[in-house]
Structure formats: structure tokens, C-alpha cells
Amino acid sequence: MSDWVDFEQWKDCARMERPGFVLEVRNAAGQSLFTPCTHFLQTPWDWTSAPVQFRLVQESKPSHSAPIPKPQNKS
């Protein structure tokens with residue numbers, strides 16, 4: 001993980017991008033989200049404060065979901 005960067009520097013986030021890494025964005029209320037670098041950051045609807053910091057973090061490994069169970073026979 002890298003150090004937190006002031007969100008005013010978001011315009012330069014493309015220089016930080018690396019394969020296998022994403023950006024973690026944090027707002028003043030302590031909420032965070034993981035996102036690639038985008039020109040316009042779309043924040044979640046439930047965020048009550050603006051983003052204040054971001055940093056580069058390692059992307060989590062994908063995991064397989066459980067298979068969907070077969071339908072039960074209703075007799």
C-alpha cells in the first residue's frame with residue numbers, strides 16, 4: 001500500500017496505476033471505496049461527505065461463488 005494522497009491530486013491518479021492494484025478513496029466520514037482511475041469519480045449515493053484522500057492498494061484476489069442449487073422436486 002502507498003501513502004494517502006490528498007484528493008486534490010486525483011487528476012494525476014493515472015500515473016499511480018499499476019497492474020494488480022486499485023485505488024482506495026476515503027471520505028471525511030471514514031468511508032472508502034475501491035476504484036480504477038477515472039476522470040470523474042462517481043461516489044456512492046450514501047456518502048454524505050466528499051472524498052478527501054486516496055492511495056494505491058493491491059487488488060484482492062477473485063474468489064469463486066458457490067454453485068446455484070438445483071430446483072427441488074415439488075410433488
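All values derive from a computational prediction rather than experimental measurement.
Counting heavy atoms from C-beta outward, Pro51 and Thr43 have side chains that approach closer than 4.5 Å. Put simply, the side chain of Thr35 reaches to within 4.5 Å of the side chain of Leu41, judged on heavy atoms. When side chains are defined from C-beta on, Leu33 counts as touching Pro44, because their heavy atoms get closer than 4.5 Å.
Aromatic rings of Phe54 and Trp10 (six-membered ring for Trp) have centroids within the 6.0 Å cut-off, being under it.
Between Trp47 and Gln31, the shortest heavy-atom distance links the atoms CD1-OE1, 3.4 Å. Nearest heavy atom pair, residue Val52 against residue Asp6, reads O-OD1, 3.4 Å. Residues Asp3 and Arg55 share a closest heavy-atom pair of O-CB, 3.5 Å.
Going from atom OG of Ser63 over to atom NZ of Lys61 covers 12.5 Å, rounded to the nearest 0.5 Å. Rounded to the nearest 0.5 Å, atoms CD (Glu8) and CD (Gln53) are 11.5 Å apart.
Using modelled atom types, one side-chain atom of Glu17 and one backbone atom of Cys37 make a donor-acceptor pair closer than 3.5 Å. Ser49 contributes no side-chain N or O that, together with a main-chain N or O of Asn27, makes up a donor-acceptor pair within less than 3.5 Å.
Phe21 and Phe7 fall within a single hydrophobic cluster, where Ile, Leu, Val, Met, Phe, Trp and Tyr are joined by side-chain heavy atoms under 4.5 Å apart, directly or via other members.
Evaluation of the salt bridge (charged side-chain N to carboxylate O under 4.0 Å, His left out) rule for Arg18 yields no partner, not counting sequence neighbours. For the side-chain hydrogen bond (donor to acceptor under 3.5 Å, both in side chains) test, residues two or more places apart in sequence or in another chain that qualify with Ser32 are Glu24.
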